Amino acid sequence: KVENAEETPVTNREETSNDITKNDCLKMLELLRTPTFTQMMSVLTAKESIIISLKLGYVDGKYFSTEAIAQFLQIEEIEVIEAIKKVLLLYKENINDLEQAQLDFISTVSHELRTPLTSIRGFADTLLSSYDRLTPEQREKFLTIIKEQSNRLINLVENLLTASKVKLGEEMLVYKSVVPVSYIDSCIKLIKQKYQTHKFVFEAEPKILPILIDTDKFQQIIINLLD
């Protein structure tokens, strides 16, 4: 196709083009090696991915007609139309999945917030109403629980803020090439202070290659997993 295609210029890229040139074919070959195309191939066939790439301006920003695409791929125009319909359906399903995921997330967060708040209110009420009848050990125990649940709330709110920043594209990540062992070990030491009755065993291979991470976010993930 690259050898046989003519070098025909396209004058209007916003409207659909009826000419697929040699240069367009070369651009398509470049696109085949990109993560964008690989991602499409996870849900579409190679032919469907090429059709959508030509239709949606992935190839050098040009939008080709279904007729031109069919002629280029030597297939019936109805195949091009069906591929486009399939992508539209997938897009609609993804939007519905995203909306459901957001609802599930809100429901989960509401439950997670309610649990520590209930504990804090319950033990605070007990301290206020029965302070004189409680032993010093009981008071210390209730206050410790209130402190632990308060820290849990702080972690939940911080995670919510992080999630909202990522969604809005406001989260700035600073990547460094580091060996993660020391960062994981630091996280374990922090968690040990919270769970002093638990035993933590951390084993690592002697030679671990560096990884590219945002160290703050990496530690936050490890702490969340351990917690």
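Only this structure's heavy atoms are used, side chains among them; waters, hydrogens and symmetry mates stay out. These numbers were taken from a predicted model, which means no experiment stands behind them. For this chain, numbers begin at 1 and follow the sequence in order.
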Begin with the C-alpha distance, continue with both residues' side-chain angles, and end with the deciding distance and a verdict on side chain to side chain contact (heavy atoms under 4.5 Å, CB included) for Lys141 and Ile145. CA-CA 6 Å; Lys141 179 181 177 181; Ile145 292 173; 4.3 Å; yes

Are Ile223 and Val178 connected in the hydrophobic side-chain network, where two residues link if heavy atoms are under 4.5 Å apart? yes

Between Phe200 and Ile222, is there shared hydrophobic-cluster membership here, with clusters defined by ILVMFWY side-chain heavy atoms closer than 4.5 Å? yes

Can you measure from CD (Glu67) to CD1 (Ile69) and round to the nearest 0.5 angstrom? 11.0 Å

Between OG1 on residue Thr66 and CD on residue Gln71, distance to nearest 0.5 Å: 11.5 Å

Taken to the nearest 0.5 Å, the spacing of Leu127 CG from Ile146 CD1 works out to 5.0 Å

Taking only residues two or more places apart in sequence, or in another chain, which ones meet Ile75 in a side-chain contact (heavy atoms from CB on, under 4.5 Å)? Lys47, Ile51, Ala70, Leu73, Glu79, Val80

According to a 4.5 Å side-chain heavy-atom criterion applied to Ile, Leu, Val, Met, Phe, Trp and Tyr, with indirect links allowed, do Phe202 and Leu190 form part of one hydrophobic cluster? yes

Which distance, rounded to the nearest 0.5 Å, do you find between the CD of Glu76 and the CD1 of Ile81? 10.5 Å

Thr135 side-chain N/O to Gln138 backbone N/O, donor-acceptor pair under 3.5 Å: yes

Would you check, one step at a time, whether the test side chain to side chain contact (heavy atoms under 4.5 Å, CB included) holds for Leu226 with Tyr195? CA-CA 10 Å; Leu226 291 171; Tyr195 300 102; over 6 Å; no

State yes or no: do Ile191 and Leu153 share one hydrophobic cluster built from I, L, V, M, F, W and Y residues joined by side-chain heavy-atom distances below 4.5 Å, directly or via other members? no

Ile213, Val179: one ILVMFWY side-chain cluster at the under-4.5 Å cut-off? yes

For the OG1 atom of Thr126 and the CZ atom of Arg139, what is their distance to the nearest 0.5 Å? 13.0 Å

Taking all non-hydrogen atoms of both residues, which atom of Asp214 and which atom of Tyr175 are closest, and how far apart? N-CD2, 3.7 Å

Roughly how far, to the nearest 0.5 Å, is the CD1 atom of Ile221 from the NZ atom of Lys217? 9.5 Å

Answer yes or no: does atom CD of Glu140 have more than 12 heavy-atom neighbours from other residues, nucleotides or ligands under 6.0 Å? no

Scan residues 197-208 for pairs that pass side chain to side chain donor-acceptor pair (under 3.5 Å), counting only residues two or more places apart or in two chains. none

Using the ring-ring contact (aromatic ring centres under 6.0 Å, His included) rule, collect all pairs that involve residues 203-227, keeping only residues at least two apart or in two chains. none

